Amino acid sequence: MSVRTRFAPSPTGYLHVGGARTALFSYLFARKHGGQFVLRIEDTDLERSTAESVNAILEGMTWLGLDYDEGPFYQTERFDRYNQVIDELLARGLAYRCDCPKERLDRLREDRMARRLKPRYDGHCRGNAVDPDRPHVIRFKNPEEDVVVVDDMIRGRVVFSNAELDDLIIRRSDGAPTYNLTVVVDDADMAITHVIRGDDHLNNTPRQINILRALGHEPPRYAHLPMILGGDGTRLSKRHGAVSVVAYRDHGYLPEALLNYLVRLGWSHGDQEIFSVEEMIELFDIGAVNKAAASFDTDKLDWLNQQYLQRADPARIARLLSPHMGRLEIDPSSGPDLVDVVKAQAARAKTLTELAEISAFVYRDFEAFDEVSAKKHLRPVAREGLERLRAAFELMAYEDWTADGLRHVVEGVAEELGTNMGKVAQPLRVAIVGRAASPGIDETLMLVGKDATLRRIDTALAFIAARAGTE
RNA sequence: GCUCCCUUCGUCUAGUGGUUAGGACGCUGGCCUCUCACGCCGGUAACAGGGGUUCGAAUCCCCUAGGGAGCGCCA
């Protein structure tokens with residue numbers, strides 16, 4: 001039988017990193033075994049499910065490249081099927097109608113809590129003939145004896161006693177089926193062989209297995225993934241900044257970097273840190289996934305993103321960078337090829353957003369010198385060097401404005417002055433970039449171009465003069 | 001409260017009875033160097049606690065502590 005996994009989010013929010021990792025692991029497992037990966041939208045909670053959420057989830061999946069073979073299937077479109085199954089359970093005496101009033105249920109709950117017991121429905125209506133025409137819910141008749149064994153691919157053997165379980169509601173009084181029923185029917189109908197999901201579902205699993213068995217199905221294999229915690233070790237939430245995967249895209253992260261980060265959360269392969277998707281598929285082993293929850297560490301994600309920024313095709317990075325330049329109101333087509341900028345800058349940024357910020361100087365004059373840099377490098381002693389450089393640059397023809405030619409000019413001026421490169425290049429760098437960090441001075445000059453270089457040196461000389469006057 | 005799950009550097013992890021407890025991020029010292037970054041070399045830092053079992057425990061067992069999940073006409 002071919003392997004079939006599924007990702008089954010409920011559309012009550014965006015796709016967050018925890019969900020994305022669950023989807024990734026399901027995807028990898030299916031791909032590794034040559035099986036299928038199914039997307040199912042669990043939207044039976046009409047109150048909280050929204051179309052925007054569905055779109056956000058699909059958008060996140062697409063951005064990450066987690067392509068599914070079937071779906072998206074929507075549970076709201078399968079109510080007839082669920083009801084058919086519930087009726088069958090009812091007819092076979094495996095489920096029953098219950099009209100216990102809320103007050104009775106509340107009292108039961110309080111009673112049991114007071115007696116230090118787990119709140120649990122007592123099966124009061126099991127033998128009652130409840131009028132089908134009066135308001136009621138349908139409960140599944142859970143076995144009272146024995147145990148249910150979950151042979152989890154990550155947790156190992158987990159045993160639950162049926163005495164701990166109660167007769168759960170499978171159809172609400174409004175006629176809508178509930179989660180534990182729909183999951184089971186869908187996983188069976190969709191021939192899911194491996195259920196990979198968050199470990200918040202581990203406690204639901206014995207109930208689902210019981211329903212599955214009542215329906216005459218063999219349960220699938222289960223793998224319950226540990227949760228992902230925020231950087232402070234608490235549950236992931238909006239407090240932790242960008243929790244939506246699409247927000248990571250907007251903040252300038254590469255999908256392959258996020259995927260790589262996520263796959264290493266709870267899983268590893270020796271000392272390897274960098275994995276392409278192809279490698280993940282080849283090496284991923286669900287049985288080797290950790291049991292303990294992991295904390296999300298933005299610093300490490302940043303490092304990975306920088307690694308990918310350096311290694312990726314510059315042309316592709318340039319395309320992705322363009323909108324980030326746009327956000328700074330810069331039109332890259334107005335200046336040097338963005339691909340050249342990417343080649344010069346890629347190793348210097350952690351995100352596309354940062355890459356755009358540190359590259360803005362190529363396309364437009366900066367507004368003010370970085371205070372610390374200017375104080376250190378734009379001093380009267382730098383004046384003569386800048387003047388000589390300016391004179392030399394002015395004499396250069398536009399077609400000679402090359403990295404090699406520019407480096408010779410700067411080196412030449414340093415030699416004339418009998419000083420080292422740093423004494424000449426740093427003031428020049430601050431003059432044309434605005435701060436003391438940029439690619440090599442030759443590359444930097446080349447990207448900025450002759451006109452802007454001369455203009456900015458003039459500005460810097462004026463700055464030095466003004467400063468000399470006030471001191 | 002009850003049931004289930006979890007526990008190695010700050011963080012992600014390797015480790016399956018004998019290791020100087022390894023790697024990565026971060027932090028940090030240095031090298032490279034026209035700056036920053038990259039890269040390279042080095043440092044910092046962990047087996048939650050207590051009992052067992054064993055010649056020998058991070059590894060096996062028990063207890064405690066701490067954390068998490070579930071106990072819904074949410075999923």
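All values reported here derive from a predicted model rather than from experimental measurement. Letters go in sequence order (proteins before strands), and every chain restarts at 1.
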- prompt: Is there a donor on the side chain of Asp43(A) or the base of A75(B) sitting less than 3.5 Å from an acceptor on the other?
  reply: no
Show the distances under 3.5 angstrom between N or O atoms of the protein and N or O atoms of nucleotides 45-48 of chain B.
none

message: Tell me whether the NZ or CZ atom of Arg139(A) lies within the 45° cone about the ring axis of Tyr121(A) and under 6.0 Å from its centre.
response: yes
Please classify the nucleic acid contact of [X] as base, sugar-phosphate, or nothing, using heavy-atom distances under 4.0 Å.
{"X": "Pro439(A)", "answer": "base"}
{"X": "Gln306(A)", "answer": "sugar-phosphate"}
{"X": "Glu443(A)", "answer": "nothing"}
{"X": "His201(A)", "answer": "base"}

- prompt: In terms of side-chain heavy atoms of Trp303(A), which of C71(B), G26(B), A75(B) is nearest?
  reply: G26(B)
- line: Side-chain atoms of Asn180(A) come closest, of G1(B), A75(B), U35(B), to A75(B)
statement: salt bridge (Lys or Arg N to Asp or Glu O under 4.0 Å) pairs touching residues 366-384 of chain A, sequence neighbours excluded, are Arg383(A)-Glu387(A), Glu384(A)-Arg388(A)
message: Per the salt bridge (Lys or Arg N to Asp or Glu O under 4.0 Å) rule, what does the pair list look like for residues 257-276 of chain A, sequence neighbours excluded?
response: Arg264(A)-Glu273(A), Glu273(A)-Lys300(A)
Name every residue in [range] that has at least one heavy atom under 4.0 Å from any atom of RNA chain B, in order of residue number, or write none if there are no such residues.
{"range": "residues 94-113 of chain A", "value": "Arg109(A), Met113(A)"}
{"range": "residues 409-423 of chain A", "value": "Met421(A), Gly422(A)"}
{"range": "residues 157-164 of chain A", "value": "Val158(A), Val159(A), Phe160(A), Glu164(A)"}

What integer number of Å spans the [atom1] atoms of [N] and [M]?
{"N": "G1(B)", "M": "A45(B)", "atom1": "C1'", "result": "40 Å"}
{"N": "A57(B)", "M": "U8(B)", "atom1": "C1'", "result": "14 Å"}
{"N": "G26(B)", "M": "A46(B)", "atom1": "C1'", "result": "15 Å"}

- request: Provide the Watson-Crick or G-U wobble partner of G10(B), both distances under 3.5 Å; none if there is no partner.
  value: C25(B)
Could you pull out all donor-acceptor pairs under 3.5 Å where a side-chain atom in residues 103-110 of chain A meets a protein atom, sequence neighbours excluded?
residue: Arg104(A); atom: NH1; partner: Asp122(A); partner atom: OD1; Å: 3.4
residue: Arg104(A); atom: NH2; partner: Asp122(A); partner atom: OD2; Å: 2.6
residue: Asp106(A); atom: OD2; partner: Lys102(A); partner atom: NZ; Å: 3.2

Modelled atom types, side-chain donor and acceptor of Thr5(A) and Arg197(A), under 3.5 Å: no
- line: Which of Val137(A), Ile169(A), Ile138(A) passes side chain to side chain contact (heavy atoms under 4.5 Å, CB included) with Cys98(A)? It is Val137(A)
Look for any protein N or O under 3.5 Å of an N or O in nucleotides 27-29 of chain B and output each such pair with its distance, or none.
none

message: Taking the ring centre of each residue, are Phe140(A) and Tyr96(A) less than 6.0 Å apart?
response: no
message: Counting the benzene-type ring for Trp, do Phe275(A) and Trp267(A) have ring centres under 6.0 Å apart?
response: yes
message: Which residues pass the salt bridge (Lys or Arg N to Asp or Glu O under 4.0 Å) test with Asp166(A), not counting sequence neighbours?
response: Arg207(A)
task: At under 4.0 Å between heavy atoms, which parts of nucleotides 7-15 of chain B does protein reach? Answer with one letter per nucleotide, 5' to 3': B base, S sugar-phosphate only, - none.
output: S---SBSS-
Do any N or O atoms of the protein come closer than 3.5 Å to N or O atoms of nucleotides 57-66 of chain B, and which pairs are they?
none

task: Only pairs at least two apart or in different chains count here, so list each side-chain hydrogen bond (donor to acceptor under 3.5 Å, both in side chains) that has a residue in residues 438-449 of chain A.
output: Arg407(A)-Asp442(A), Arg429(A)-Ser438(A), Ser438(A)-Thr444(A)
